[in-house]
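Predicted model, so just to flag it, every value in this text is computed and none were measured.
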Amino acid sequence: MANRDYTSRRMAIVNALVGKFKLINGNFPYRTNLYNNVEPKLLFWDEVSDFPAVHISAGAETRQYQGGGYKDRFMTVTIRIYVQEENAINALEKLFEDIETVIEDNSTLSYTDQDGNAQKVQQLTIVSLDTDEGALEPLGVGEIICEARY
């Protein structure tokens with residue numbers, strides 16, 4: 001079977017991020033411990049029972065066509081964060097910092113495509129960060145939107 005130039009890489013990128021976020025263990029340089037509680041799917045806050053939790057999902061994908069048959073892909077990645085602490089906003093901020101550290105350290109994230117080929121994201125960029133601003137305290141929900149260019 002011949003290799004394909006453009007195999008689906010959506011879940012491969014999400015799974016690579018899951019692996020990197022599972023390294024957030026409370027030891028330097030991290031401020032929080034996720035206890036490996038990272039999943040490659042989104043859940044609503046009422047479905048989450050273990051805190052803190054990070055859930056990642058692939059979103060919309062667009063293409064930008066270049067010359068010579070080359071194309072860039074841009075995929076939105078949603079990272080939803082759940083905490084349960086007395087000061088939920090502070091807990092979310094610490095986890096935001098940890099996740100941003102992982103993303104910055106892996107801005108050219110390595111992953112394996114469906115054909116088993118080693119690939120790299122050209123750029124992983126944080127687009128926005130948002131929280132529930134304490135509306136659910138002691139629960140807290142945060143969201144990071146990223147763009148993966150590959």
Distance-only check: which donor-acceptor pairs under 3.5 Å involve side-chain atoms of residues 13-26, not counting sequence neighbours?
from	atom 1	to	atom 2	distance (Å)
Asn15	ND2	Met11	O	3.1
Asn25	OD1	Asn27	N	2.9

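- Residues Val121 and Leu124 approach most closely at CG1-N, 3.9 Å, considering heavy atoms.
- Here the side chains of Lys120 and Ser110 are in contact, with some heavy-atom distance below 4.5 Å.
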**Request:** Take Val102 and Asp98 through the test side chain to side chain contact (heavy atoms under 4.5 Å, CB included) and record every step on the way to the result.
**Result:** CA-CA 6 Å; Val102 171; Asp98 289 345; 5.8 Å; no
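- Annotation for Leu92 and Gly142: closest pair CD2-N, 3.7 Å, computed over non-hydrogen atoms.
- For the side-chain hydrogen bond (donor to acceptor under 3.5 Å, both in side chains) test, residues two or more places apart in sequence or in another chain that qualify with Arg31 are Glu97.
- Under a 3.5 Å cut-off, the side chain of Asp115 and the backbone N or O of Asn117 do not form any donor-acceptor pair.
- For the residue pair Gln122 / Asp72, a side-chain donor-acceptor distance below 3.5 Å is found, with atom types taken as modelled.
- Atom CD1 of residue Ile56 and atom CD of residue Glu39 lie 9.5 Å apart, to the nearest 0.5 angstrom.
- Side chain of Glu137 to main chain of Ala88: a donor-acceptor pair is present (N/O by atom type, distance under 3.5 Å, no hydrogens or angles).
- For the atom pair CD of Gln119 and OG1 of Thr108, the computed distance is 13.0 Å after rounding to the nearest 0.5 Å.
- Expressed to the nearest 0.5 Å, how far OH of Tyr150 lies from CZ of Arg9 amounts to 7.0 Å.
- The closest donor-acceptor contact from the side chain of Asn106 to the backbone of Leu109 lies at 3.5 Å or more, if one exists at all.
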**Prompt:** Are Met75 and Arg10 close enough, and set up right, to give a side chain to side chain contact (heavy atoms under 4.5 Å, CB included), and what steps lead you there?
**Reply:** CA-CA 8 Å; Met75 180 179 71; Arg10 298 167 56 81; 3.7 Å; yes
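- Taking OH of Tyr82 as the start and CG of Leu95 as the end, the distance is 12.5 Å to the nearest 0.5 Å.
- Put simply, the side chain of Ile81 does not reach to within 4.5 Å of the side chain of Val141, judged on heavy atoms.
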Would you be so kind as to tabulate the donor-acceptor pairs closer than 3.5 Å made by side chains of residues 46-55, with sequence neighbours excluded?
from	atom 1	to	atom 2	distance (Å)
Glu47	OE1	Phe44	N	2.8
His55	ND1	Lys41	O	3.4

**Message:** If you apply the rule side chain to side chain contact (heavy atoms under 4.5 Å, CB included), what do you find for Thr131 with Ile89, and how did you get there?
**Reply:** CA-CA 8 Å; Thr131 72; Ile89 295 300; 3.9 Å; yes
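- Once rounded to the nearest 0.5 Å, the distance linking CZ of Arg80 with CD1 of Ile144 reads 12.0 Å.
- Interatomic distance, OG1 of Thr101 versus CZ of Phe96, reported as 13.0 Å (0.5 Å rounding).
- Proximity of Cys146 to Thr125: side-chain heavy atoms (C-beta onward) are nowhere separated by under 4.5 Å.
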**Item:** Working for side chain to side chain contact (heavy atoms under 4.5 Å, CB included), residues Asp130 and Ile145
**Value:** CA-CA 9 Å; Asp130 195 16; Ile145 303 295; over 6 Å; no
